[in-house]
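Note that these values count all heavy atoms, side chains included, but never hydrogens, waters or copies made by symmetry.
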Amino acid sequence: LQFILETAPIPFAMRTPDTRYMLPNRRWEDIAGVAGNSVVGKTPFDVFPQEVAQELTDALARVWSQKEGVVEEVPVRLGGRNYVFMRASF
């Protein structure tokens with residue numbers, strides 16, 4: 001499983017219910033602009049600008065309140081580049 005996560009061409013990060021990062025993969029780290037596992041144990045507010053962090057936190061809150069997965073398109077600007085992610089939260 002670790003090999004799949006590390007080599008997947010899509011960004012992936014697992015978070016705890018209190019929004020702390022547990023398991024980001026390399027592609028996620030590349031896009032987020034962080035090195036190694038430096039985000040493990042941190043919240044989105046420790047890593048991203050306020051607006052991005054709030055959206056990430058709100059998305060996880062929607063999952064917990066609905067008790068089911070949420071799939072949505074999310075436009076994000078990071079490192080001077082625009083991305084549109086298909087986010088699946090569960």
Side-chain angles (χ1 to χ4, degrees):
L1 181 59
Q2 185 68 33
F3 175 77
I4 293 169
L5 293 176
E6 286 301 315
T7 58
I10 60 169
F12 172 88
M14 186 181 293
R15 292 190 286 161
T16 63
D18 68 346
T19 75
R20 296 185 183 282
Y21 290 102
M22 292 174 31
L23 185 63
N25 72 356
R26 287 185 192 143
R27 182 65 179 136
W28 185 92
E29 292 168 345
D30 290 344
I31 291 172
V34 298
N37 284 327
S38 64
V39 297
V40 172
K42 295 182 180 179
T43 71
F45 292 98
D46 299 323
V47 179
F48 296 109
Q50 174 76 23
E51 181 179 304
V52 173
Q54 189 63 59
E55 171 56 34
L56 292 169
T57 301
D58 291 348
L60 192 56
R62 285 191 297 275
V63 170
W64 286 107
S65 69
Q66 295 177 19
K67 306 274 193 255
E68 63 181 33
V70 175
V71 178
E72 55 198 344
E73 284 188 6
V74 181
V76 176
R77 183 164 180 81
L78 292 171
R81 297 184 67 188
N82 293 318
Y83 296 92
V84 177
F85 292 111
M86 178 62 73
R87 178 174 53 210
S89 303
F90 47 91

Legend entry - Partners passing side chain to side chain contact (heavy atoms under 4.5 Å, CB included) against Ser38 (at least two apart in sequence or in another chain): Val34
Legend entry - side chain to side chain contact (heavy atoms under 4.5 Å, CB included) involving Val40 - partner list, sequence neighbours excluded: Pro24, Asn37
Legend entry - salt bridge (Lys or Arg N to Asp or Glu O under 4.0 Å) contacts touching residues 27-38 (sequence neighbours left out): none
What closest approach, in Å, do [X] and [Y] show between heavy atoms, and which atom pair accounts for it?
X	Y	answer
Asp18	Thr43	O-CG2, 4.4 Å
Pro17	Leu60	O-CD2, 4.1 Å
Arg15	Thr57	NH1-N, 4.2 Å

Working to the nearest 0.5 angstrom, can you tell me the gap between [X] [atom1] and [Y] [atom2]?
X	Y	atom1	atom2	result
Trp28	Leu23	CH2	CG	10.5 Å
Arg20	Lys42	CZ	NZ	11.0 Å
Ile10	Asn25	CD1	CG	7.5 Å

Inset, instruction - Using the test ring pair (Phe, Tyr, Trp, His ring centres under 6.0 Å), find all partners of Tyr83 that sit at least two apart in sequence or belong to another chain. - result: Phe85
Legend entry - Counterpart residues, salt bridge (charged side-chain N to carboxylate O under 4.0 Å, His left out), relative to Arg62 (two or more places apart): Glu55, Glu72
Inset, instruction - Please identify each residue that fulfils salt bridge (charged side-chain N to carboxylate O under 4.0 Å, His left out) with Asp58, with sequence neighbours left out. - result: none
Inset, instruction - Side-chain contact test, heavy atoms from C-beta onward, threshold under 4.5 Å: evaluate it for Thr19 versus Pro44 and give yes or no. - result: yes
Inset, instruction - State, yes or no, whether a side-chain contact exists between Tyr21 and Leu56 at a heavy-atom distance under 4.5 Å. - result: yes
